[in-house]
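What follows is a set of notes on a single structure, which appears directly below.
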Amino acid sequence: MKFFRIFLPVMAMILYLGVHNGNLALYRQGHKVPVQVYAVPVTLLPKEDQAALTAGIPIENEKQLSELLEAYLS
């Protein structure tokens, strides 16, 4: 799977990783439409990751976003 880096001013907005139609997705807080949807079915991830994504994983900075995406997309 190809990894695409997303350049977003993370500090200017609150982002979180979640689930959209069963796939990993990046959201802006307060928005129901994701910024990005990834072709990664969350059902393929461990149960604890599925639960965390269902609840929403807040993103504190661009480094954390890159690390999480690398872990989930690989």
Side-chain angles (χ1 to χ4, degrees):
M1 176 174 294
K2 210 169 201 181
F3 175 71
F4 295 97
R5 186 174 175 127
I6 296 177
F7 294 96
L8 296 171
V10 175
M11 300 309 285
M13 65 179 84
I14 298 174
L15 298 174
Y16 68 95
L17 285 174
V19 180
H20 179 76
N21 293 333
N23 289 324
L24 177 67
L26 179 67
Y27 287 91
R28 241 184 316 183
Q29 187 173 14
H31 295 260
K32 294 190 188 272
V33 177
V35 173
Q36 180 77 36
V37 178
Y38 304 93
V40 177
V42 294
T43 55
L44 299 178
L45 301 173
K47 295 286 183 195
E48 50 277 349
D49 289 337
Q50 291 179 40
L53 287 165
T54 299
I57 301 174
I59 304 299
E60 295 179 16
N61 54 50
E62 190 173 331
K63 180 181 179 199
Q64 180 190 21
L65 175 61
S66 294
E67 290 171 353
L68 286 170
L69 288 177
E70 185 174 329
Y72 290 136
L73 297 176
S74 59

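Side chains are part of it too, since the values below use all heavy atoms of this structure and drop only hydrogens, waters and symmetry mates.
- Distance check: Q64 CD to I57 CD1 gives 8.5 Å after rounding to the nearest 0.5 Å.
- Atom CD of E60 and atom CD1 of I14 lie 11.0 Å apart (nearest 0.5 Å).
- Through side-chain heavy atoms spaced under 4.5 Å, either directly or across other Ile, Leu, Val, Met, Phe, Trp or Tyr residues, Y16 is tied to Y27.
- Across A25 and H20, no two heavy atoms sit closer than the pair CB-CB, 3.7 Å.
- Rounded to the nearest 0.5 angstrom, T54 OG1 and K47 NZ are separated by 10.0 Å.
- Applying the side-chain contact (heavy atoms from CB on, under 4.5 Å) criterion to P41, with sequence neighbours excluded, gives N23, T43, L44.
- When the side chains of ILVMFWY residues are joined at heavy-atom separations under 4.5 Å, either directly or via intervening members, V37 and L69 end up in two distinct hydrophobic clusters.
- The minimum heavy-atom distance linking S74 with A71 is given by the pair OG-O, 3.4 Å.
- Between L24 and L45 there is no side-chain heavy-atom pair separated by less than 4.5 Å.
- By the salt bridge (charged side-chain N to carboxylate O under 4.0 Å, His left out) test, K63 pairs with E67, sequence neighbours left out.
- Of the listed residues (D49, L17, V19), just one forms a side chain to side chain contact (heavy atoms under 4.5 Å, CB included) with V42, and that residue is V19.
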